[in-house]
Number of protein chains: 2
Amino acid sequence: MPYPSQVNAETIVQAAASLIETHGADGVSLSAVGAALGVKAPSLYRYFDNKTALLRAVNQQTAARLTSALVEATEPEPDPAAKVMAMFRAYRAFAHAHPALYSLAYLSGSPELRVGEAVADQFGAAMQGVIAELVGAERALPVLRAVWALAHGFVALELAGLFERQGGAGLDAAYDEAVVLFVGGIRLG
Amino acid sequence: MPYPSQVNAETIVQAAASLIETHGADGVSLSAVGAALGVKAPSLYRYFDNKTALLRAVNQQTAARLTSALVEATEPEPDPAAKVMAMFRAYRAFAHAHPALYSLAYLSGSPELRVGEAVADQFGAAMQGVIAELVGAERALPVLRAVWALAHGFVALELAGLFERQGGAGLDAAYDEAVVLFVGGIRLG
DNA sequence: TCTATAAAACTAATGATATTAGTCTTTACT
DNA sequence: AGTAAAGACTAATATCATTAGTTTTATAGA
């Protein structure tokens, strides 16, 4: 292999993710990503067809990381209700820890940035198991959707600054309260 | 007034909104907006400081339209629970009717596109009244946040294509089911 | 009716960015 | 040592947003 590469797809994704976290998704140009790796922008095209493909790869990494975080958070909990509660909390904690990455992955309207089916399935499968323990396998899918909607909706509105009217103070409690209300509703069936 | 203007802020916003609905938010350049009005791109700067300001105005219009739709939908319903149910349905219906506009207004991470406080307050106030009828004024705010989170989360994930694994067939029912679960939870307190 | 004025739009220019084409450089194998 | 190809670079193009400066044109007043 003549001329061993100075970068690869993985290091590029890392550099891009890092830039997104620090400078926001808008401040990330291909030359900025290249500069972070000591390389010029056109060199990146050897590893990604275009900028969209790179960002999609970043989103895939984000989705995988979120899935891991949720799995790790639910694992130690003993009973199903506690697992679901832990899952909700871990979901929001992840979004708070990586707001720019979360926004890019889940708050962008553009279909081109969508993460592939494989990753989406991995996420769904992991969560569905936890839900199924609580409500049974046959009801797991609709309940999973509702759970995901509540968690995503809350953090999305929060990150978008649409809950800021009363200051961010009450939001931790508001989230927990919403989850409790909802899990209560789930139990009723 | 010499040289009466061919455009004004309102017609520009309309043209931009129309282009966004048909070509998506990405396909909207200032020259496209200008062309739709028989004017060149730089002329738009007389009415908006920059593209961001124009898009923010579009988002304000979207938020106002959504608020109207919700108010109109809840008004005819007699009892509080029916009002809340109607509100949920109208929220999703609006997002489906104007997916690109909804996405731009509520699915964009950029803080610069955020609608102003006035519009956000108008929205909040209208909804809070309906919620207060159901759960009382003191619990209205956290419950409103939860309601909004559920509705927004569901349509956001739906519009982002993240619920597409099983086809869009079951989504209407899944939404209604989630809402019913949640309203049930609310009633418990 | 003519003309000066100011609003409003235009053309031209700049800077950033994604992307493509074509050139050069470097390492591994002979 | 010499060569071939991987891999990176420079240069060029197109598209935008944005700014500066110029031109047009309807109206108010002479």
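These values consider heavy atoms only, across backbone and side chains, with no hydrogens, waters or symmetry-generated copies.
- Residues H98(B) and R65(B) are in side-chain contact: their nearest non-hydrogen atoms beyond the backbone lie under 4.5 Å apart.
- A heavy-atom distance below 4.5 Å is not found between the side chains of E177(B) and R145(A).
- Between S43(A) and dC9(D) there is a side-chain polar atom (N or O) within less than 4.0 angstrom of OP1 or OP2.
- As a whole-Å value, the separation of L37(B) CG from dC10(C) C1' is 16 Å.
- Rounded to whole Å, atom C1' of dC10(C) lies 11 Å from atom CZ of R46(B).
- Listed in residue order, the members of residues 11-22 of chain A having a heavy atom less than 4.0 Å from DNA chain D come to none.
- With a 4.5 Å cut-off on side-chain heavy atoms, V143(A) and L134(A) do not count as touching.
- Phosphate proximity of dA9(C) to Y47(B): present, with a side-chain N or O under 4.0 Å from OP1 or OP2.
- Here the side chains of Q14(B) and Q61(B) are in contact, with some heavy-atom distance below 4.5 Å.
- Separating the OH atom in Y175(B) from the CG atom in L171(B) is a distance of 12.0 Å, to the nearest 0.5 Å.
- In this structure, the nucleotide among dG7(D), dC9(D), dC10(C) sitting nearest to the side chain of K40(A) is dC9(D).
- Among dC10(C), dG7(D), dA9(C), the nucleotide with an atom closest to any side-chain atom of V7(B) is dA9(C).
- Between the P atom of dA8(D) and the CZ atom of F48(A) lies a distance of 13 Å, rounded to the nearest Å.
- Put simply, CG on N8(A) is 15 Å from C1' on dA8(D), counting in whole angstrom units.
- For NE2 of H96(A), the number of neighbouring non-hydrogen atoms (other residues, nucleotides, ligands) closer than 6.0 Å is greater than 12.
- The CG atom of L54(A) sits 15 Å away from the P atom of dT17(C) (whole-angstrom rounding).
- Here the CD atom belonging to Q122(B) is positioned 10.5 Å from the CG atom belonging to L66(B), to the nearest 0.5 angstrom.
- Taken from CZ in R56(B) to OG in S108(B), the straight-line distance is 11.0 Å, to the nearest 0.5 Å.
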Going 5' to 3' along nucleotides 13-18 of chain D, which nucleotides have protein heavy atoms under 4.0 Å from the base (write B), which only from the sugar-phosphate (write S), and which from neither (write -)? ---SSB
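- The CG atom of L55(B) lies 9.5 Å from the CZ atom of F48(B); values are rounded to the nearest 0.5 Å.
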